[in-house]
Amino acid sequence: LDFRHGRDAWIELRLPKGSTFTLTGEFLEAGELSVLTDNAIFLRLMKTRLASEGKRLENFSAAQVKKRFFIDSNTFKRSQLITTISPRATIE
């Protein structure tokens, strides 16, 4: 991203290195991105990534999730709390 005041911004998109996965239209509904917390979005991304591999987040311990996704255990705990409060916070 190259942003200069008073001029058009220049954005260059690059494909990520390594394996990828596809998000469907079910990942987020209209307007959800602005109301979901970062933790809830990250939790959805983790669950979607694991689902693409035929795995479920519930089959991993908090330590395994922390190691796999480089996530702090407190962030993971807050994400799990969001799941119990709001059923739409996760993708099944």
Side-chain angles (χ1 to χ4, degrees):
L1 174 64
D2 184 14
F3 179 78
R4 298 177 189 263
H5 185 71
R7 295 184 177 174
D8 292 339
W10 177 261
I11 300 172
E12 184 177 341
L13 299 177
R14 298 180 183 178
L15 293 175
K17 296 177 181 177
S19 62
T20 61
F21 62 101
T22 302
L23 297 175
T24 65
E26 297 174 0
F27 182 74
L28 285 174
E29 292 181 11
E32 280 188 313
L33 190 58
S34 63
V35 297
L36 288 175
T37 65
D38 292 343
N39 290 341
I41 293 168
F42 191 68
L43 180 63
R44 286 188 186 191
L45 286 169
M46 288 189 301
K47 292 184 94 170
T48 303
R49 174 63 182 202
L50 291 172
S52 75
E53 299 171 0
K55 300 173 184 173
R56 294 175 49 95
L57 182 62
E58 293 78 10
N59 296 337
F60 291 84
S61 69
Q64 290 171 318
V65 171
K66 180 179 177 180
K67 184 176 180 180
R68 167 91 190 255
F69 293 102
F70 305 99
I71 184 174
D72 182 78
S73 56
N74 289 327
T75 301
F76 179 70
K77 289 175 189 173
R78 285 192 301 269
S79 297
Q80 291 299 91
L81 178 62
I82 290 166
T83 303
T84 60
I85 295 170
S86 172
R88 273 296 299 151
T90 62
I91 293 180
E92 298 303 326

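For the single chain, residues carry numbers from 1 onward in sequence order. These figures come from a predicted structure and were not determined experimentally. In what follows, every heavy atom counts, from backbone to side chain, and hydrogens, waters and symmetry copies are set aside.
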Exercise: identify the closest heavy-atom pair between [X] and [Y]:
| X | Y | result |
| --- | --- | --- |
| Leu50 | Arg68 | CD2-NH1, 3.3 Å |
| Arg49 | Ser52 | O-OG, 2.6 Å |
| Phe42 | Phe69 | CZ-O, 4.0 Å |

Subject >> All side chain to side chain contact (heavy atoms under 4.5 Å, CB included) counterparts of Lys67, not counting sequence neighbours >> reply: none

**OP:** Measure the shortest side-chain to side-chain distance between Thr20 and Leu15 over non-hydrogen atoms and say whether it is less than 4.5 angstrom.
**Re:** no

Original post:
When rounded to the nearest 0.5 angstrom, what distance separates CE in Met46 from NZ in Lys55?
Top reply: 14.5 Å

Original post:
Pick one: which of Leu57, Thr37, Val65 meets side chain to side chain contact (heavy atoms under 4.5 Å, CB included) with Leu43?
Top reply: Leu57

Subject >> Asp38, CG: over 12 other non-hydrogen atoms inside 6.0 angstrom >> reply: no

